[in-house]
Amino acid sequence: MDSKTDRRKFLHHSLLMTAGIGLVPGAFATTKKVSANDRINVGLIGCRNMGFHGLRTALNTGEVNCLGICDVDQKVLAQRQSEIKEEFGQNPKTYGDFRKLLEDKEIDAVFVGTPDHWHCLPTIYACEAGKDVYVEKPLANTIHECNLMVAAARKHNRIVQVGQQQRSGKVWKAVMAYIHAGKLGKLRKVNIWANFRYGTGAEKQPDGPVPDGVDFDMWLGPAPKRSFNPTRFHGNWRHFWDYGGGLMTDWGVHLIDMGLWAGDVKEGPKEIMAFGDNLSYPDHSRETFDTMSVTYPMGDFVMNWEHTAGIQVGPYDMPYGVEFVGDNAVIVADRGDWSVKPEKAEDGAQVTLEAKQDFMEDGPGDLEAHVRNFIEAVRSRKQPNCPVETGRNVALYAHMGNIAVRSGAGRLLWDEGNLRFTNHEEANRFILPEYRDPWRLPVY
Ligand SMILES: NC(=O)c1ccc[n+]([C@@H]2O[C@H](COP(=O)([O-])OP(=O)(O)OC[C@H]3O[C@@H](n4cnc5c(N)ncnc54)[C@H](O)[C@@H]3O)[C@@H](O)[C@H]2O)c1
């Protein structure tokens, strides 16, 4: 057995043996408790785009103070700090190293809006510091990191909300209420599609100098060292395996999660079959697949995932959507609306179904509802709408689509008890990331 295999076996064994039991003492002092009327003190790690949307949404509720923001790009940091001052009259400290932000004992909770390869350590270190976490989706960039994050959240008894805001969205809640009330009849299939132009990446450009004010080594973090290229940086990183998983994980975790919710599935996948390739835009810079078809046999129903990056048309004239196929009807849904298409009876007469309006309530947008739900959970200590287990679960489905293709397996069988693929050894190589010095995967 080589040393790499040794290390993997050790980490794997540690995780199975110690998840939830406790191990490494936290490197940070524990944060104080939040009482029901206190404003919650928050920090933000990764400020450019979605992280800031989450923070701004929280600030808009009037229930939080922002004490600190952190980014490795000084320009982004300065811009976000001045926006927070202007819009909310608050003056957060700025940090270039998230570990320093986590040392502030006054901070109760953090938003993590870094690229996917940088979700695991900030989340785990925050849990160890006694802080609650709103971490963007997908939970992490590998299966093993997802497992560690669940173990850390549970060991340190933290609230972790994953940024799959559809779990708090009124359209999806109505769809689920309709399905779970039995209106759709037996759920037979969930067909999901996500066609987005951005999925082919940016036009190719040569490597170049690191932009002024960017700590690129810290941006890479645990990922392999390499020279700077703008087509792998801000926003574009999602098309490269070291940092993200392409449309399969970017949208996969939002939409596949709706199939899992509909089927009341709380476990990882058992079996998946996938095809993926890069068939378009050779002048664009990416590694992730522009074209994918994935099938998940779910026991008593089947889920199908389809994406075609670079184009933006799809079934029902919708670029993305979910079709829930039942014996009585088909529901078609996206974030904006849903419709019920009743099955015809044998004599051709339309089956009468209850009106979908009866299941729909008014309410805020998905992100606002999700952030409010996080704030409530921080106060009540009750599980949020998308706890870390739910984020982990769907991340496995999405990552396995990519792993099935990257490993050459095509079809994969997963053993949830042993956290391994049983039919293809090469695929197991993708479970555990190789962290670059000085970063280390925590042991849980
Ligand atoms: N929930 C949603 O609908 C949704 C939408 C978009 C993005 N996202 C998720 O949000 C995350 C961020 O995506 P984005 O589009 O905002 O990416 P982005 O590239 O626009 O922003 C990421 C920011 O993190 C910063 N950063 C990188 N490493 C850092 C580090 N070590 N410490 C501090 N800051 C660091 C970058 O400099 C950048 O400012 C991703 O996980 C993405 O999947 C979720």
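Residue indices begin at 1 and follow the sequence shown. Since the model is a prediction, treat every value here as computed from it, not as a measurement. Computed from heavy atoms alone, side chains included, the values below leave out hydrogens, waters and symmetry copies.
Taking CD from Q164 and CG from L139, the interatomic distance works out to 8.0 Å, rounded to the nearest 0.5 Å. Atoms NE2 and CH2, from H117 and W241 in turn, are 15.5 Å apart once rounded to the nearest 0.5 Å. Once rounded to the nearest 0.5 Å, the distance linking OG1 of T123 with NE2 of H119 reads 7.5 Å. R80 contributes atom CZ, which lies 6.0 Å from atom CZ of R56 (distance to the nearest 0.5 angstrom). Considering CD1 of I69 and CG of L67, their distance stands at 11.5 Å, rounded to 0.5 Å. Atom NE2 in H53 sits 10.0 Å away from atom CZ in R48 (nearest 0.5 Å).
Looking at heavy atoms from C-beta onward, R167 lies in side-chain contact with D257 at the 4.5 angstrom threshold. Between H399 and N141 there is a side-chain heavy-atom pair separated by less than 4.5 Å. Residues K155 and Y444 form a side-chain contact, since some pair of their non-hydrogen atoms from C-beta on lies under 4.5 Å apart. By the 4.5 Å heavy-atom criterion applied to side chains, M248 and I256 are counted as neighbours. V110 places a side-chain heavy atom less than 4.5 Å from the side chain of L102. Taking 4.5 Å as the limit, some side-chain heavy atom of V112 sits within range of a side-chain heavy atom of V133. Side-chain contact between F359 and K356: absent, with no pair of heavy atoms (C-beta onward) separated by less than 4.5 Å. The side-chain heavy atoms of Y125 and R99, taken from C-beta on, include a pair separated by under 4.5 Å.
Taking a 6.0 Å sphere around CG of D317, one finds it holds 12 or fewer heavy atoms contributed by other residues, nucleotides or ligands. Atom NZ of K186 sits in a crowded spot, with more than 12 heavy atoms from other residues, nucleotides or ligands closer than 6.0 Å. More than 12 heavy atoms of other residues, nucleotides or ligands lie within 6.0 Å of OH in Y198, so this atom counts as buried by the packing criterion. Open room surrounds NZ on K270; 12 or fewer heavy atoms of other groups in view lie less than 6.0 Å from it. For R381, the CZ atom is densely surrounded, since the number of other residues' heavy atoms within 6.0 Å is greater than 12.
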Could you walk me through whether E368 and R372 pass salt bridge (charged side-chain N to carboxylate O under 4.0 Å, His left out), step by step?
CA-CA 6 Å; E368 183 185 338; R372 281 187 182 278; 2.9 Å; yes

Derivation and outcome, salt bridge (charged side-chain N to carboxylate O under 4.0 Å, His left out), residues D132 and R379:
CA-CA 10 Å; D132 297 320; R379 293 192 195 289; over 6 Å; no

Evaluate the salt bridge (charged side-chain N to carboxylate O under 4.0 Å, His left out) criterion for residues K173 and E361: first the C-alpha distance (whole Å), next the side-chain angles of each, then the deciding distance (0.1 Å), finally the verdict.
CA-CA 9 Å; K173 286 204 303 207; E361 286 170 19; over 6 Å; no

side-chain contact (heavy atoms from CB on, under 4.5 Å) evaluation trace for V160 with V135:
CA-CA 7 Å; V160 177; V135 57; 4.0 Å; yes

When you look at I311 and R197, which way does the side-chain contact (heavy atoms from CB on, under 4.5 Å) test go after all the steps?
CA-CA 5 Å; I311 61 161; R197 243 169 243 141; over 6 Å; no

With side chain to side chain donor-acceptor pair (under 3.5 Å) as the criterion, how do Q161 and N373 come out once you've worked through the C-alpha distance, each side chain's angles and the decisive distance to 0.1 Å?
CA-CA 9 Å; Q161 171 92 300; N373 172 257; 3.0 Å; yes

Applying ring-ring contact (aromatic ring centres under 6.0 Å, His included) to F324 and W338, what does each step give before you reach the verdict?
CA-CA 11 Å; F324 302 90; W338 59 297; 9.2 Å; no

Let's go through K204 and D283 carefully: what are the C-alpha distance in whole Å and the side-chain angles of both, what is the deciding distance for salt bridge (charged side-chain N to carboxylate O under 4.0 Å, His left out) to 0.1 Å, and is it a yes or a no?
CA-CA 6 Å; K204 281 182 183 161; D283 54 334; over 6 Å; no

Checking side chain to side chain donor-acceptor pair (under 3.5 Å) for the pair Q205/T231: CA distance, chi angles, key distance, verdict?
CA-CA 7 Å; Q205 286 184 53; T231 68; over 6 Å; no

Show the numbers, then the answer: is there a side chain to side chain donor-acceptor pair (under 3.5 Å) between T295 and N304?
CA-CA 5 Å; T295 296; N304 293 305; 3.1 Å; yes

With side chain to side chain donor-acceptor pair (under 3.5 Å) as the test, would you mind laying out the steps for H307 and W305 before giving the verdict?
CA-CA 7 Å; H307 82 234; W305 166 268; 3.2 Å; yes

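When all heavy atoms are compared, the tightest approach of I107 to V42 is CG2-C, 4.0 Å. Annotation for C127 and A152: closest pair CB-O, 4.2 Å, computed over non-hydrogen atoms. Among all heavy-atom pairs drawn from T249 and P138, the shortest one is CB-CG, 4.2 Å. The heavy-atom pair separating G391 from V162 by the smallest distance is CA-CG2, 4.0 Å. Between C70 and C47, the shortest heavy-atom distance links the atoms O-SG, 3.3 Å. Smallest separation of non-hydrogen atoms from N423 and R411: ND2-O, 2.9 Å.
Between the side chain of R436 and the backbone N or O of G221, at least one donor-acceptor pair lies under 3.5 Å. Between the side chain of N402 and the backbone N or O of G245, at least one donor-acceptor pair lies under 3.5 Å. Side-chain N or O atoms of N191 include none that pairs as donor or acceptor with a backbone N or O of E323 at under 3.5 Å. When atom types are taken as modelled, the side chain of N328 and the backbone of K183 share a donor-acceptor pair closer than 3.5 angstrom. Listed for the H144 side chain is no donor-acceptor partner under 3.5 Å among the backbone atoms of L441. Remark: the backbone N or O of N41 is paired with a side-chain donor or acceptor of D108 at under 3.5 angstrom.
Ring-centre distance between W251 and Y320: below the 6.0 Å cut-off.
K131 and D104 are not joined by a salt bridge, as no carboxylate oxygen comes within less than 4.0 angstrom of a charged side-chain nitrogen. In this structure, R420 does not pair ionically with D415, as no charged nitrogen and carboxylate oxygen lie closer than 4.0 Å. Classification of D207 and R226 as a salt-bridged pair holds, one side-chain N sitting under 4.0 Å from a carboxylate O. A salt bridge links R429 with E426; the closest basic N to acidic carboxylate O contact falls under 4.0 Å. Using a 4.0 Å cut-off between charged side-chain N and carboxylate O, K170 and D366 make no salt bridge.
For the residue pair N278 / R286, a side-chain donor-acceptor distance below 3.5 Å is found, with atom types taken as modelled. Side-chain N/O atoms of R238 and Y243 include no donor and acceptor closer than 3.5 Å.
Residues forming a side-chain hydrogen bond (donor to acceptor under 3.5 Å, both in side chains) with S168 (at least two apart in sequence, or on another chain): H370, N385. In terms of the side chain to side chain contact (heavy atoms under 4.5 Å, CB included) criterion, residue partners of V371 (sequence neighbours excluded) are, by chain and number, T57, A58, F111, Y134, L367, I375.
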